[in-house]
Amino acid sequence: MAQNNQKQLDTLIGQSTRLKGDMTFNGMMHLDGRVEGSIIAENDNDTLTISENGAVKGTIKAGNLVINGSIDGDITASGKIEVLSQARISGNIYYVNIEMETGSQVNGQLIYQGGEVTHINQQEKPSKNQKHE
């Protein structure tokens with residue numbers, strides 16, 4: 001199994017950086033700062049790491065995720081999600097493979113995607129059967 005530390009880091013958002021707006025990335029991205037907007041990976045094998053200092057207010061779609069910071073929004077991953085001990089998530093998690101450490105907090109639903117994974121590069125179509133009350 002490949003170690004996350006050995007992969008090539010393509011994008012780094014530093015701890016003092018505040019970004020407002022939607023963004024896309026490919027490869028491996030590490031977030032120490034704050035993003036207000038959606039973060040979307042270009043491919044199913046892309047990895048987003050959010051450190052204990054990182055925070056996102058918006059939707060995240062990535063192949064693989066390592067979360068140790070705070071997220072306010074829904075998360076979709078087509079690969080593996082690692083929710084580390086300092087993670088604070090408010091939103092639904094759409095997953096195929098998830099690992100959660102003791103101490104992590106998720107305020108939302110965990111929704112298993114099974115064989116019906118919505119790949120990142122496909123457009124989502126809202127379900128007509130969903131009801132919001």
Side-chain angles (χ1 to χ4, degrees):
M1 184 167 176
Q3 294 179 346
N4 288 336
N5 296 339
Q6 301 301 317
K7 292 182 182 177
Q8 175 71 35
L9 179 62
D10 297 299
T11 306
L12 171 65
I13 298 179
Q15 188 172 346
S16 60
T17 303
R18 307 289 180 262
L19 181 66
K20 207 172 214 185
D22 298 343
M23 63 182 297
T24 59
F25 76 96
N26 70 18
M28 186 169 176
M29 180 170 129
H30 187 90
L31 174 65
D32 285 331
R34 297 182 178 278
V35 173
E36 191 172 321
S38 298
I39 301 176
I40 300 174
E42 292 183 355
N43 299 298
D44 285 330
N45 57 353
D46 295 335
T47 299
L48 172 61
T49 301
I50 301 173
S51 76
E52 63 275 6
N53 300 313
V56 177
K57 186 172 186 177
T59 302
I60 297 175
K61 294 181 183 179
N64 302 292
L65 283 162
V66 180
I67 303 165
N68 205 23
S70 63
I71 298 172
D72 185 358
D74 289 352
I75 300 168
T76 303
S78 56
K80 182 177 182 181
I81 301 175
E82 293 180 53
V83 183
L84 303 180
S85 63
Q86 295 183 52
R88 304 294 178 258
I89 301 169
S90 294
N92 295 331
I93 300 176
Y94 299 87
Y95 73 96
V96 175
N97 186 346
I98 191 167
E99 180 179 321
M100 297 178 71
E101 285 187 355
T102 301
S104 60
Q105 296 177 9
V106 176
N107 186 8
Q109 295 183 9
L110 299 177
I111 301 157
Y112 179 64
Q113 296 296 287
E116 299 181 16
V117 175
T118 303
H119 292 283
I120 291 168
N121 50 10
Q122 293 178 352
Q123 291 292 330
E124 282 191 33
K125 294 177 183 167
S127 173
K128 293 179 182 175
N129 297 334
Q130 287 183 333
K131 293 181 181 178
H132 297 285
E133 296 179 23

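- With sequence neighbours excluded, no residue forms a side chain to side chain donor-acceptor pair (under 3.5 Å) with Asn92.
- How far CD1 of Ile98 is from CD1 of Ile81: 4.5 Å, rounded to the nearest 0.5 Å.
- Among Val106, Leu65, Thr59, the single residue meeting the side chain to side chain contact (heavy atoms under 4.5 Å, CB included) criterion with Ile75 is Leu65.
- Interatomic distance, CD1 of Ile71 versus CD1 of Ile89, reported as 5.0 Å (0.5 Å rounding).
- Expressed to the nearest 0.5 Å, how far CD1 of Ile111 lies from OG1 of Thr76 amounts to 8.5 Å.
- Nearest heavy atom pair, residue Ala62 against residue Ala41, reads CA-CB, 3.7 Å.
- Atom CG in Leu84 sits 9.0 Å away from atom OG1 in Thr49 (nearest 0.5 Å).
- Taking each heavy atom of Ser78 and Val96 in turn, the nearest pair found is O-CG2, 3.8 Å.
- The shortest non-hydrogen separation linking Met23 to Ile13 is CE-CD1, 3.7 Å.
- When all heavy atoms are compared, the tightest approach of Asp46 to Asn43 is OD2-N, 2.8 Å.
- In this structure a side-chain-to-backbone donor-acceptor pair under 3.5 Å is present from Asp10 to Met28.
- Heavy-atom minimum distance, Asp44 versus Asn64: O-ND2, 4.1 Å.
- The line from OG1 of Thr11 to CG of Leu31 is 10.5 Å long, rounded to the nearest 0.5 Å.
- Separating the CE atom in Met100 from the OG atom in Ser85 is a distance of 11.5 Å, to the nearest 0.5 Å.
- Under the side-chain hydrogen bond (donor to acceptor under 3.5 Å, both in side chains) criterion, the residue pairs touching residues 19-36 are Asn26-Glu42, His30-Asp32, Asp32-Ser51, with sequence neighbours excluded.
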